Amino acid sequence: MTEMRANTKKLFIKTYGCQMNVYDSDRMSDALAPHGYETTLDMAQADLVLLNTCHIREKASEKVFSELGRLKELQGERRAMGGDMMIGVAGCVAQAEGEEIARRAPVVDMVFGPQAYHKLPDMLARAQAQRHMHPSLKKAVIDTDFPEEDKFEHLPAARKEVTIKRGLTAFLTVQEGCDKFCSFCVVPYTRGAEVSRPVAQVIAEARSLVDAGVKEITLLGQNVNAYHGLDAADRSVSLGELAYLLAEISGLERLRYTTSHPRDMDDVLMNAHRDLDILMPYLHLPVQSGSDSILKAMNRRHTAAEYMAIIERIKAARPDMALSGDFIVGFPGETDADFEDTLKIIADVGYASAYSFKYSTRPGTPGANLGDQVPEDVKNERLWRLQDLVNAQTTAFHASCVGKTLPVLIERPGRMPGQVGGRSPYLQAVHLDGSPELIGAIHQVEIIGTSTNSLVGRLKAVAAA
Ligand code: 5AD
Ligand code: SF4
């Protein structure tokens with residue numbers, strides 16, 4: 001493939017699912033930029049469309065096939081006008097169903113999993129060669145291997161202009177994959193075994209983000225607090241230790257991480273929350289269920305009481321910690337009493353926010369072989385009850401902030417003219433009257449009210465430049 005084509009081509013990436021996919025999509029556009037691809041927000045104009053897919057729940061997978069139907073039509077329109085459009089399916093659906101996608105949707109030129117992104121330019125060249133084949137011989141380029149080599153080593157460093165486009169906050173993947181094997185979850189199969197990036201790589205990427213103006217970094221990993229990257233002396237460094245190292249980077253003002261597993265909340269990480277001002281007091285720590293028998297069937301390897309004990313330790317280290325979680329209702333065998341235990345643990349913890357899902361069977365996971373499925377209407381009713389409780393907790397949490405003064409990283413103009421918006425340390429959206437000059441720094445904001453999903457503030461003091 002030739003470098004730096006004169007005529008730029010348009011790339012459209014549609015990202016589904018988690019923040020890890022958002023990060024990966026940025027890396028894909030970074031990898032294609034030297035080959036003349038520039039991102040567009042208009043799918044119909046694209047020469048290359050990539051769907052970066054999510055396989056976590058059934059609904060997420062289904063969306064991919066309906067989108068491919070739409071793309072087939074768009075491609076037909078482009079060809080009728082004398083143009084063309086190449087189509088690639090990336091991400092976890094691609095990893096899990098590679099051949100099946102190519103069979104069900106012959107419109108697809110490339111299918112590749114999350115470990116193959118650095119090979120994208122090469123795959124694209126091979127797919128372009130396929131285009132000249134007779135339709136009966138044309139085959140999609142498929143790459144769903146788990147290579148030994150480290151994909152991060154081969155990805156180009158984020159281009160400066162891309163980083164700037166990302167603004168004041170950025171994601172940084174430090175760990176990928178998972179060895180926990182919760183019985184409902186596809187991640188260990190689609191993202192593979194847990195791999196941590198070396199400390200030097202993480203610090204270098206964080207530094208370049210900060211140099212490009214980023215003030216807040218969110219460390220990403222499917223099981224981020226299982227991080228154990230090697231340092232220069234080949235010593236394994238934990239997430240807590242990494243947080244202390246990142247806190248040394250001058251100009252980095254806020255640090256977050258997601259998603260964590262309760263079993264990996266170690267003392268160093270707790271102490272980091274106690275010691276480091278930049279480590280934000282917001283923790284996404286899924287428990288999934290409050291019933292010990294369901295937790296056992298889910299292979300979570302912790303009980304409800306153990307989870308509560310961890311919450312106590314976290315609150316001792318950082319009393320204002322806001323908590324968030326994930327919940328699954330209707331796991332096979334879940335009784336009314338099991339579900340009541342889930343409501344109880346939610347009541348006991350008091351979440352600032354939470355995500356909740358109806359169990360959906362994922363092929364290839366141990367959960368797929370369990371009998372005693374919970375009927376759909378029961379799942380629906382449980383989900384509504386759970387969401388009512390969580391919504392009430394979120395509202396109460398927002399209300400508890402009224403009257404307080406919080407540091408807010410002002411990130412963007414607000415919805416109304418004359419307004420700006422940003423985030424509190426607890427990840428709440430905050431809107432306030434103020435000029436665009438406030439954007440880019442942390443300002444003290446008095447919280448004077450709440451609206452549906454956000455806080456309303458008043459500028460207390462302009463931060464010193
Ligand atoms: N069904 C429903 N929810 C699931 N999740 C993961 N797998 C499934 C499944 N098969 C939820 C879990 C996880 C979140 C990312 O998605 O709550 O924490
Ligand atoms: Fe999936 Fe469990 Fe790993 Fe989370 S910890 S990614 S739910 S297997």
Side-chain angles (χ1 to χ4, degrees), residues 15-22 53-63 91-93 95-97 114 173-196 219-228 239 257-265 283-291 294-302 306-307 310 323-334 338-339 342 345-346 349 351 353-370 372-374 376 378-380 382-383 386-387 390:
T15 308
Y16 300 82
C18 66
Q19 289 132 337
M20 182 84 79
N21 269 7
V22 175
T53 62
C54 172
H55 198 53
I56 194 93
R57 288 171 295 275
E58 199 178 357
K59 256 196 209 152
S61 294
E62 276 166 13
K63 282 190 200 150
C92 295
V93 177
Q95 184 65 44
E97 298 181 22
T173 296
V174 298
Q175 172 285 330
E176 191 168 0
C178 182
D179 296 337
K180 293 283 190 291
F181 290 92
C182 300
S183 63
F184 51 82
C185 184
V186 287
V187 166
Y189 310 97
T190 54
R191 292 275 173 171
E194 209 253 280
V195 179
S196 293
L219 306 178
L220 291 182
Q222 262 96 25
N223 202 173
V224 73
N225 60 342
Y227 176 83
H228 60 277
L239 186 72
Y257 58 93
T258 197
T259 290
S260 299
H261 191 284
R263 279 181 71 104
D264 296 314
M265 286 308 299
L283 177 64
H284 184 63
L285 194 66
V287 66
Q288 313 292 357
S289 167
S291 152
I294 295 296
L295 287 169
K296 193 158 196 293
M298 286 177 164
N299 192 32
R300 289 289 295 176
R301 296 189 289 153
H302 60 76
E306 281 161 356
Y307 180 85
I310 293 162
L323 292 153
S324 154
D326 289 343
F327 298 91
I328 295 177
V329 299
F331 187 79
E334 187 187 70
D338 292 322
F339 177 64
T342 299
I345 204 166
I346 295 173
V349 172
Y351 286 94
S353 72
Y355 302 87
S356 47
F357 313 99
K358 290 187 280 185
Y359 173 70
S360 81
T361 304
R362 306 313 292 128
T365 61
N369 302 323
L370 297 174
D372 208 3
Q373 293 286 332
V374 175
E376 197 61 21
V378 176
K379 281 189 199 169
N380 283 332
R382 287 181 187 167
L383 190 69
L386 190 156
Q387 289 183 342
V390 168

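On a predicted model such as this, the values are computed, not experimentally measured, just so you know. Keep in mind that the numbers below use all heavy atoms, side chains included, and drop hydrogens, waters and symmetry copies. Just so you know, ligand 1 is whichever comes first in the structure, and atom 1 is the first atom listed for that ligand.
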Participant: Report the member of Tyr189, Phe184, Phe181 with the shortest heavy-atom distance to atom 7 (S) of ligand 2.
Facilitator: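 Minimum heavy-atom distance to atom 7 (S) of ligand 2 goes to Phe184.
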Participant: Could you list the atoms of ligand 2 found under 4.0 angstrom from a heavy atom of His261?
Facilitator: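 Every atom of ligand 2 under 4.0 Å from some heavy atom of His261: 5 (S).
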Participant: In this structure, is the centre-to-centre distance between the rings of Phe327 and Tyr351 below 6.0 Å?
Facilitator: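 They qualify: ring centres under 6.0 Å apart.
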Participant: Using the side-chain contact (heavy atoms from CB on, under 4.5 Å) rule, take Ser356 and Leu383 through it: C-alpha gap first, then chi angles, then the decisive distance, then the call.
Facilitator: CA-CA 7 Å; Ser356 47; Leu383 190 69; 3.8 Å; yes
Participant: Does a donor on one side chain sit under 3.5 Å from an acceptor on the other, for Thr173 and Gln175?
Facilitator: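 Side-chain D/A pair, Thr173 to Gln175: absent.
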Participant: Kindly indicate whether the side chain of Arg362, heavy atoms from C-beta on, has any atom under 4.5 Å from the side chain of Cys185.
Facilitator: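 Contact flag for Arg362/Cys185 side chains = no.
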Participant: Measure the shortest side-chain to side-chain distance between Leu220 and Thr258 over non-hydrogen atoms and say whether it is less than 4.5 angstrom.
Facilitator: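 In short, these two side chains touch, coming nearer than 4.5 Å.
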Participant: At a 4.0 angstrom heavy-atom cut-off, what protein residues surround ligand 1?
Facilitator: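 Contacting ligand 1 under 4.0 Å are Ile56, Arg57, Phe184, Gln288, Asp326, Ile328, Phe357, Lys358, Tyr359, Ser360, Arg362.
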Participant: Do Lys358 side-chain atoms and Gly330 backbone N/O form a donor-acceptor pair below 3.5 Å?
Facilitator: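 Looks like no, no N/O pair under 3.5 Å.
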Participant: Distance-only criterion, 3.5 Å: show the donor-acceptor pairs between side-chain atoms of residues 294-301 and protein atoms not counting sequence neighbours.
Facilitator:
residue	atom	partner	partner atom	Å
Asn299	ND2	Phe181	O	2.8
Arg300	NE	His302	NE2	3.3
Arg300	NH2	Pro286	O	3.0

Participant: Given 3.5 Å as the limit, does a donor-acceptor pair link the side chain of His55 with the main chain of Thr53, or not?
Facilitator: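 Not confirmed, His55 side chain does not pair with Thr53 backbone.
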Participant: For atom 3 (Fe) of ligand 2, what's the nearest protein heavy atom and its distance?
Facilitator: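 For atom 3 (Fe) of ligand 2, the nearest protein heavy atom comes out as Cys178 SG, 2.2 Å.
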Participant: Any N/O/S atom of Cys185 sitting less than 2.8 Å from atom 1 (Fe) of ligand 2, backbone or side chain?
Facilitator: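 Yes.
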Participant: Find all atoms of ligand 2 within a distance of less than 4.0 Å from any non-hydrogen atom belonging to Pro188, and give their numbers and elements.
Facilitator: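 Every atom of ligand 2 under 4.0 Å from some heavy atom of Pro188: 8 (S).
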Participant: Compare every heavy atom of Ser291 with every heavy atom of Thr342, then report the nearest pair and how far apart it is.
Facilitator: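 The answer is OG1-N, 4.3 Å.
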Participant: Look only at the side chain of Ser183 and the backbone of Pro366, and say whether a donor-acceptor pair between them is shorter than 3.5 Å.
Facilitator: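 Pair absent, no side-chain N/O of Ser183 close to backbone of Pro366.
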Participant: Name the closest protein heavy atom to atom 8 (S) of ligand 2, giving the residue it belongs to and the distance to 0.1 Å.
Facilitator: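 Answer for atom 8 (S) of ligand 2: Cys182 N, 3.3 Å.
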Participant: Just need the protein heavy atom nearest to atom 4 (Fe) of ligand 2, so name the residue and atom and give the distance.
Facilitator: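 I find the closest protein heavy atom is Gln222 O, 4.4 Å.
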Participant: Run the numbers for me: atoms of ligand 2, each under 4.0 Å from some heavy atom of Lys180, listed by number.
Facilitator: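 The atoms of ligand 2 under 4.0 Å from a heavy atom of Lys180 are 3 (Fe), 5 (S).
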